[in-house]
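Data first, discussion second: the structure below is written as C-alpha cells.
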Number of protein chains: 2
Amino acid sequence: MSAIADVARLAGVAKATASRALSGRGYVSTETRDKVIAAAREIGYVASPNAASLVTGRTQSVGVIIPFISRWFFGEVLESLEFALLEQGYDMTLYNLPPASPERDRVFEFFLARKRFDGIISVGVALSEQEVDHLHRLGRPLVGVGGPIRGVPTIEIDDVAAARLATEHLLSLGHRDIVHVGGSQVDEMDFHVHSNRLRGFQAAMLAAGLSVSGCFYSAEFTMPGGYERGLALLGDPRRRPTAIFAASDEIAFGLILAARELGIRVPTELSVIGIDGHPHAEMFRLTTLAQHPRAQGELAVRTLVAELASRSGTGESTVLPTSLIIRSSTSAPRVRGT
Amino acid sequence: MSAIADVARLAGVAKATASRALSGRGYVSTETRDKVIAAAREIGYVASPNAASLVTGRTQSVGVIIPFISRWFFGEVLESLEFALLEQGYDMTLYNLPPASPERDRVFEFFLARKRFDGIISVGVALSEQEVDHLHRLGRPLVGVGGPIRGVPTIEIDDVAAARLATEHLLSLGHRDIVHVGGSQVDEMDFHVHSNRLRGFQAAMLAAGLSVSGCFYSAEFTMPGGYERGLALLGDPRRRPTAIFAASDEIAFGLILAARELGIRVPTELSVIGIDGHPHAEMFRLTTLAQHPRAQGELAVRTLVAELASRSGTGESTVLPTSLIIRSSTSAPRVRGT
DNA sequence: AGCTTTCATGGAACCGGTTCCATGCTGGCC
DNA sequence: GGCCAGCATGGAACCGGTTCCATGAAAGCT
C-alpha cells in the first residue's frame, strides 16, 4: 500500500531522510524525525522487510529445524525459541524434519539455501559435514541444540553424565538388579542421545562392579512405548529387576502404569527413575533427572544473536546442568523375602 | 552470491530471458531454457525470494498463529500444516500466542502487518473484528481452524454435536448419573470449545429428561488437570457418578488414573469417555470421540491455497466429521448393589 | 578570520528479481 | 506475395527500501 516515498512526500522530506528517521540510523534532526514518524503513523505505514533485506542482506528471520513437534522436549524448546526470537524482533520459520524424512534434501537445498534467514537453529537434528558446509557457505550462523555439530556452537546437556547420575541414584539406594529401558540404536535420533544414555548407564554399573549384559531393553520414546515394554519386562516375576532407569520421563510413565497394572508396587517392589523433568512427573511422583529445555532454547537464541552481532563465530558450545528431583518412585529395594 | 544476472551472462542471454527460463513463465525456446538451467546449476544459483516478492507481491510464505504447541491437538495440527505447506512450496512462520498473551498486539500490528505472508492461518485463536479487518486490509487471505471467525473460512468440528454424541453414548449404555469434566469458562480458549462441549452435554442430558445441575466440574485441560479433579470428585463415594464425559482425552486419562488410584474399577464402577482420539487412548483403552486434527490442518492449507489462487474469497467454512471409537472404558453401569 | 568537524539533508545508485514493451523472425493463410 | 499471428529475445522500468556521496550550514578550533 503505502511506501516510504509516500511518507517522505507527506513529511516534505526526501526518501533517504525518511528512511533514516524511521530506522534510527544516520543523522536526522529531532524535529524532522518527529515529522516523519507522525506522517508514517498517519498513513499507517509499515515497512516492507523484503525490500529492506534485499539491500541489507538481513531478513530478521531465523529458520528452525526440528524432528518432532509433539514430543515434550521438542515442544518446550520450540516454545522458548519462538518467544525469545520474537522478543529480539525475529520471525521464526519452522521446518519439521523427522528422522529419515524424504523432504530433508529439499529443505536444505531449496528452502534453507534461499537467502531468507539470518541464521539457523537446529534442534535435535545432527547435520552432516556436507550440510554444515552448505549452510556455512551462505554465511549464515548456525546454532545447534541437543548435541554437538562439528564446528558449530551447540547447547546441550551431558547425556552420559545424566544417565550415570540417574543410575548412581539407584545404586546408592542399594539396588543391584537394574535395567535400562531406552531408545534403540536403530531408530536413534541424530545426536546419539540413545547411545549416550546407555553408555552412562553402563559406566555407572561397571563402576559399581556389576555386569551390564542383558540389562538393556529398547522401547519407543513415548508413554505407550514404556508401557508395552513394561508389560513384557515385568510380566515374568523371575526376570523382574528391582529398579529401572528409563531414558525419558514419558517412557517412565508407561513403565509405572504397566507396573501398576501388574500389581507391582512402586517404589516398594520396583523403583523407576527417568530423565527430563516432565511436568507430569509430579503427578506420577516420578524421580527424574531434570533437564531444562526452555533454558536451552533461550540460550540458543542468545548465542545466535551474539553470532549475528559479532560475525566472528567465536561461539562456544555450552553444556547445561541437570538436576536430580527426588520423588517417591524410587526407594531402597525390598529385602528379599519381605 | 550469484545473481540471475550472472546466470544470464554465463548462458549468453538477457536477464529477462533467464528469468523466464527459470520461472517457466512466458516464451522461451527449449534450447535456451536448457542452456539457462545448465548455467544456473553450474554456479549453484538459488533465487532470492525477497527480490521476487518485492515485485510480485507473493512471498511463498504463510503465517500461522497458534495458542499452544505442546497440547496434543495443536501439535498435530501444526505438524500437518507444516507438511502440507512445505509440499505446496510455502514456508511456515510460527507465532505462538497463548491466551491473553501480552505479545498479541505486537504480533498483529508489527509482525503480521508487514507484507511478509501470502496468507495467514489462525489455529484456535479467535480474531476480533478489528483484527480480521486489519488482516483483510492487507489483502491477505485468512483461514481459521478450530472455530468460526466472522467472514473467514474456517475448518472445525461441531463441538456441540460431538459432546452430545459422547454423552448419548453413555446414556445409551444406561447411565443416568453422569458428570461432565471440562475446561472452565474463565480460561476459555478463544473459540468457545469449552462452553460448546458443555452445551452439547447439557442438551443430551435434558433430552433424556435428566437434570444438569451440579453435573459440571472444571479442570485444567491436561492429564494432571483431570487427575486432580478425579481425586477430588471420586474421593467421596456418595457423590460419585457412574460415568464421566471428559472434554478431552488428556483429562480422561487423568480421571482414569485417579479412579485406579482410588481403587475404582473402570468401566465396571465408572465409565469414562473423552473427545480427541489421542494416540495414547489405545493404551488407556479409552472410548473417545475422535476428531482428526491432521485432516483439519490439511484442509486448512487446501482452503488457503484455493483462496490464494482464486483471489475470490469464495471460501466456505467446513465442519469435519468426528468418529466414535468404542474401547473398554465404557460399559453399562453396575446394577445397584452388585 | 579561516579552516576543519559535525550535523542535516537530498539525489541517485543499488539490491535481485519480474514484467512491460519493442523488435525481429518465422510460418500459416488468403 | 503480403499480412498477421505467434514465438523468442533484449532493453528498461519497477518493486521499496538502504546507503553512498555531495552539498551546505552551523559550530569548534587555532
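Because the structure is a prediction, the values reported are computed rather than measured. The figures here come from the full heavy-atom set of this structure, side chains too, leaving out hydrogens, waters and symmetry mates. Residue numbering restarts at 1 for every chain, and letters A, B, ... go by the order of the sequence lines.
For the pair B:Asn50 CG and C:dT18 P, the computed distance is 12 Å after rounding to whole Å. Atom CG of A:Asp6 is separated from atom P of D:dG16 by 9 Å (rounded to the nearest Å). Residue B:Arg58 contributes atom CZ, which lies 11 Å from atom P of C:dT19 at whole-angstrom precision. To the nearest angstrom, P of C:dT18 lies 8 Å from CG of B:Leu22. Between the CZ atom of B:Arg116 and the C1' atom of D:dG16 there is a distance of 14 Å, given to the nearest Å. In this entry the distance linking CD of A:Glu31 with P of C:dC7 reads 17 Å, nearest Å.
Nucleic acid contact class of B:Ser48 (heavy atoms, under 4.0 Å, all strands): sugar-phosphate only. Residue-level contact check: B:Ser19 touches the bases, meaning some heavy atom is under 4.0 Å from a base atom. In this structure, B:Arg25 reaches the sugar-phosphate backbone alone: every heavy-atom distance under 4.0 Å involves primed, P, OP1 or OP2 atoms, never a base. Contacts of A:Ser53 with the nucleic acid, taken as non-hydrogen atoms under 4.0 Å apart, are absent.
Considering only the side chain of A:Leu54, D:dG16 comes nearest among D:dG10, D:dG16, D:dT9. Comparing atom distances between the A:Ile4 side chain and each of D:dG17, D:dG10, D:dC15 picks out D:dG17 as nearest. Counting only heavy atoms from C-beta on, A:Ala3 has its side chain closest to D:dG17 among D:dG17, C:dC20, C:dG10. Side-chain proximity of B:Ala52 to D:dG17, D:dT9, C:dG17: nearest is C:dG17. Distance from the side chain of A:Tyr27 is smallest for C:dT9 among the nucleotides C:dT9, C:dG17, D:dA8. If you check C:dG16, D:dG10, D:dG17 against the side chain of A:Lys115, the one that comes closest is C:dG16.
Close to D:dA8, at under 4.0 Å from its OP1 or OP2, lies no side-chain N or O of B:Thr32. Contact annotation: A:Thr56 side-chain N/O to D:dT18 OP1/OP2 distance is not under 4.0 Å. For the pair A:Ser23 and D:dG17, the criterion of a side-chain N or O lying under 4.0 Å from OP1 or OP2 is not met. Phosphate proximity of D:dG17 to A:Tyr45: present, with a side-chain N or O under 4.0 Å from OP1 or OP2.
Looking only at distances, a side-chain donor or acceptor of B:Glu82 sits under 3.5 Å from a matching main-chain atom of A:Asn96. The main-chain N or O of A:Glu31 is never found under 3.5 Å from a side-chain atom of A:Asp34 such that the two would form a donor-acceptor pair. Using a distance-only test at 3.5 Å, with no hydrogens or angles considered, no donor-acceptor pair links the side chain of B:Glu79 to the main chain of B:Glu76.
Between B:Phe111 and B:Tyr95, the two ring planes are tilted [angle within 30° to 60°].
Residues B:Lys15 and A:Ala5 each lie close to DNA chain D; by heavy-atom proximity, the contact nearer the 5' end of the strand is made by B:Lys15.
For the residue pair B:Thr56 and B:Ser53, no side-chain donor N or O sits within less than 3.5 Å of a side-chain acceptor on the partner. For the residue pair A:Thr59/A:Asp118, the side-chain donor-acceptor check at 3.5 Å is satisfied.
The base of D:dG17 lies outside donor-acceptor range of the side chain of A:Arg20, with no N or O pair under 3.5 Å.
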